[in-house]
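First the structure, in the form of structure tokens, and then the observations on it.
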Amino acid sequence: MSQEDLCDIFCQSKGTVAKTLRKLEDKGYIERIINKNNRRKYILTLTKEGEEVIPALKREADYWHNSVGFTEVSEETMDVIRTVARKSYNLVND
């Protein structure tokens, strides 16, 4: 996955994503590898340490989803929520 992909997925600026990725890289959770097809871009990969924290992150995400009631929402409704959130973000930032 590239840094640009993360910007699009999370509707965040390049600066915000870069700062977060730098912290994750400093902690040893991710690696940035230069894209062979475009040397100005990086491909992000999880390190062994990064893979080890995935179960804890999934537990936290599940807890949050339960707390706000998302477990009772269909996947179709979640897709609509995500679409509306992205469109709202784009309207505010364009």
Side-chain angles (χ1 to χ4, degrees):
M1 180 171 287
S2 72
Q3 187 169 325
E4 255 182 64
D5 294 334
L6 288 176
C7 292
D8 293 340
I9 290 168
F10 293 108
C11 299
Q12 295 294 315
S13 70
K14 290 180 182 180
T16 300
V17 170
K19 189 185 304 183
T20 302
L21 291 176
R22 200 170 313 116
K23 289 178 184 178
L24 293 172
E25 189 174 23
D26 290 345
K27 291 180 180 186
Y29 296 133
I30 65 165
E31 289 180 323
R32 296 183 205 213
I33 300 168
I34 294 175
N35 185 333
K36 294 174 187 172
N37 298 324
N38 184 345
R39 299 192 56 81
R40 295 177 301 170
K41 291 188 176 186
Y42 290 93
I43 301 298
L44 306 170
T45 60
L46 280 175
T47 62
K48 182 181 178 209
E49 291 83 5
E51 289 181 16
E52 289 173 357
V53 298
I54 289 174
L57 293 173
K58 284 185 177 179
R59 280 193 304 275
E60 289 297 317
D62 288 345
Y63 174 78
W64 187 82
H65 280 138
N66 288 333
S67 297
V68 297
F70 279 164
T71 55
E72 300 164 11
V73 175
S74 71
E75 191 59 37
E76 183 178 295
T77 301
M78 283 303 298
D79 287 342
V80 171
I81 291 170
R82 288 183 195 106
T83 300
V84 169
R86 282 194 181 98
K87 286 183 180 183
S88 299
Y89 175 84
N90 291 335
L91 284 172
V92 170
N93 291 297
D94 284 343

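This structure is a prediction, so every number in the text was calculated from the model and none was measured.
The side-chain heavy atoms of Q12 and C7, taken from C-beta on, include no pair separated by under 4.5 Å.
Residues satisfying the side-chain contact (heavy atoms from CB on, under 4.5 Å) test with K41, not counting sequence neighbours, are E4, N35, N38. By the side-chain hydrogen bond (donor to acceptor under 3.5 Å, both in side chains) test, N37 is found to be paired with no residue, residues two or more places apart in sequence or in another chain being considered. Under the rule for a salt bridge (charged side-chain N to carboxylate O under 4.0 Å, His left out), R86 has no partner lying at least two apart in sequence or in another chain. Taking T77 as the reference, S74 meet the side-chain hydrogen bond (donor to acceptor under 3.5 Å, both in side chains) condition, with sequence neighbours excluded. Scored by the salt bridge (charged side-chain N to carboxylate O under 4.0 Å, His left out) test, E51 finds no partners at all (sequence neighbours excluded). Residues meeting the side-chain contact (heavy atoms from CB on, under 4.5 Å) test with D8, sequence neighbours left out: none. In terms of the side-chain hydrogen bond (donor to acceptor under 3.5 Å, both in side chains) criterion, E60 has no residue partners (sequence neighbours excluded). Taking R39 as the reference, I34 meet the side-chain contact (heavy atoms from CB on, under 4.5 Å) condition, with sequence neighbours excluded. Listed by chain and residue number, nothing satisfies the side-chain hydrogen bond (donor to acceptor under 3.5 Å, both in side chains) test with D62 (two or more places apart in sequence, or in another chain).
I9 and I43 fall into different hydrophobic clusters, where Ile, Leu, Val, Met, Phe, Trp and Tyr are joined by side-chain heavy atoms under 4.5 Å apart, directly or via other members. Placement of L44 and V17 within a single hydrophobic cluster is found when ILVMFWY residues are connected by side-chain heavy-atom separations under 4.5 Å, directly or transitively. No continuous path of hydrophobic side-chain contacts links V84 to L91 [ILVMFWY only; heavy atoms under 4.5 Å].
Rounded to the nearest 0.5 Å, atoms CG (L57) and CD (E52) are 12.0 Å apart.
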Would you be so kind as to tabulate the donor-acceptor pairs closer than 3.5 Å made by side chains of residues 19-33, with sequence neighbours excluded?
from, atom 1, to, atom 2, distance (Å)
T20, OG1, T16, O, 3.0
E25, OE1, R32, NE, 3.0

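Counting only residues at least two apart or on different chains, the ring pair (Phe, Tyr, Trp, His ring centres under 6.0 Å) pairs with a member in residues 38-86 are W64-F70, H65-F70. For residues 73-82, the set of pairs meeting the salt bridge (Lys or Arg N to Asp or Glu O under 4.0 Å) definition, not counting sequence neighbours, comprises E75-R82, D79-R82.
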